[in-house]
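Computed from heavy atoms alone, side chains included, the values below leave out hydrogens, waters and symmetry copies. Here is the naming used below: chain letters follow the sequence lines, and residue numbers restart at 1 for every chain.
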Protein chains: 2
Amino acid sequence: MQNIKVAVDAVVFGYFENKELHILLIKRNIEPFLDSWALPGGLVKNEETLEEAISRELHEETGVKTTFIEQLYTFGELDRDPRNRVISVAYLGLVNPKSYDLKASTDASDAQWFSINNLPNLAFDHLTIVTKALERLRTKIQYQPIGFNLLKTEFAFSDLESLYQSILGRDVDRRNFRKKIMSYNLLIETKNLRKEGSGRPAKLFQFNQEKYQSLEQQGFYFEV
Amino acid sequence: MQNIKVAVDAVVFGYFENKELHILLIKRNIEPFLDSWALPGGLVKNEETLEEAISRELHEETGVKTTFIEQLYTFGELDRDPRNRVISVAYLGLVNPKSYDLKASTDASDAQWFSINNLPNLAFDHLTIVTKALERLRTKIQYQPIGFNLLKTEFAFSDLESLYQSILGRDVDRRNFRKKIMSYNLLIETKNLRKEGSGRPAKLFQFNQEKYQSLEQQGFYFEV
DNA sequence: GCAAAAGTGTTTGCCTTACACCCATGA
DNA sequence: TCATGGGTGTAAGGCAAACACTTTTGC
């Protein structure tokens, strides 16, 4: 008789402007790995799909709802959880972290953003999952315009540029990058300027999601 | 109490030279979908990993062992199986079909190759899975040299060329394609010629897997 | 007027694409 | 010698990469 539990876990990335890429972790308040940091997630209920499960768990444990979420990989090794055989369907999510105040709930004693360059020890095989998620994100932002989910609705071009630099971990030529992105005509120029900080104020843009979706269906490929 | 079963299913592609791309299906000999064609697969045992499960099921049901297998996607909708909630971790496999005689075993009354252009009705949501596998294969052969798994160890250049044409569904310029592939220095020229059929005999090549793996680790990217 | 960040064009070279003829073999 | 598939080079254009100065604002 099969005795395997099915869980979902989410690697949710958040980007703080001009800072590093972060991921969302919760502090466990039950054994095993009591007080360790772990990915938000939990067992799937009998009457919900995997997508419903991950959205529910994420919201319950952290208060966050992602603007982008996709299935990443399913981890099914034998010894993932000391209690039971548990396979975990992992998801990759993106969100602008300033849109939410983190709230920890009953399932977790705390929820917090951690820089990917400074992660605590993680429970279970969650470091493996995070590594795979990062790899996927690095690959994917180069051929799908998903990075906008990490920014506010209105953003300056330099935000996009430093976002790409953070994720790819290398410099991007400002002029070439702008030329490339602009050539797709997927940004809507707003009338707003950002005047914070010093220097010349930056024009603010919005990503035209509808236009992208219609172009995509016609076989258009985004590429950085 | 969670009551969800975990299954694995494989979409195994095979290529018959100068013909179309095929997938491996089994004929079900139990309800539901008795006598329908379906993907090889079945429930995961408590003490085996997902990879072990898919290899075992595939071998039991068809006699085939793939030279390439990777996880594709996990399907977790509520109504996939009329008996129970079953989530299925799908795998994508590649094999040279001439390496095996298909044998049907106790779990299946028949196993057979079907052209992807002429599939029978499939059980469960297996058509969805096949569609996703095809999409992945089309994308992936363009940036990873996995197509060689569909050919014999020694193959003519024209085999590779028509393989790519079959999978991508479009013409490929013979000269440019050869130039590109050759530029990677990943083929070993054998001393053998293929004399079957008419016309000038073709030189036979082998793919240099070891060299590819070492290049890959150094950050090399294959691309067609 | 100076510090700080935003905004902007041009040139160069490489890589992709398009394209057609000769070669080796068997019948 | 003809039919069949195998094997090969070159030219043109488009695209990516490299590169530095001007503009706008706050102080």
* Assign a letter to each nucleotide of nucleotides 17-27 of chain D from its 5' end: B, base within under 4.0 Å of a protein heavy atom; S, sugar-phosphate only; -, no contact. => BBBB--BBB--

What is the distance, rounded to the nearest whole Å, between atom [atom1] of [X] and atom [atom2] of [N]?
{"X": "K180(B)", "N": "dG9(D)", "atom1": "NZ", "atom2": "C1'", "value": "18 Å"}
{"X": "R178(A)", "N": "dA16(D)", "atom1": "CZ", "atom2": "P", "value": "18 Å"}
{"X": "Y184(A)", "N": "dC15(D)", "atom1": "OH", "atom2": "P", "value": "10 Å"}

Looking at [Y], is its backbone amide N or carbonyl O close enough to the side chain of [X] to form a donor-acceptor pair, meaning the two atoms are under 3.5 Å apart?
{"X": "D125(B)", "Y": "T128(B)", "answer": "no"}
{"X": "R28(A)", "Y": "A38(A)", "answer": "no"}
{"X": "N176(B)", "Y": "D173(B)", "answer": "no"}

* Asked: Can you name the one residue among F13(B), F16(B), Y15(B), W113(B) that meets ring pair (Phe, Tyr, Trp, His ring centres under 6.0 Å) with H22(B)?
  ->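 So the option named by the test is F16(B).
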
* **Result of checking Y221(B), F207(B), Y212(B), F222(B) against Y184(B) for ring pair (Phe, Tyr, Trp, His ring centres under 6.0 Å)** => F222(B)

* Cation-pi, F157(A) ring and R178(A) (6.0 angstrom, 45 degrees) -> yes

* Start and end of the DNA chain C segment that chain A contacts, any atom under 4.0 Å from a heavy atom -> dA4(C) to dT10(C)

* In chain order, what residues pass the side-chain hydrogen bond (donor to acceptor under 3.5 Å, both in side chains) check against T66(A), with sequence neighbours excluded? ->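 side-chain hydrogen bond (donor to acceptor under 3.5 Å, both in side chains) list for T66(A), sorted by chain: empty.
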
* To do: Kindly give the heavy-atom pair with the smallest separation between L24(B) and P40(B), and that separation in Å.
  =>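 That would be O-CD, 3.4 Å.
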
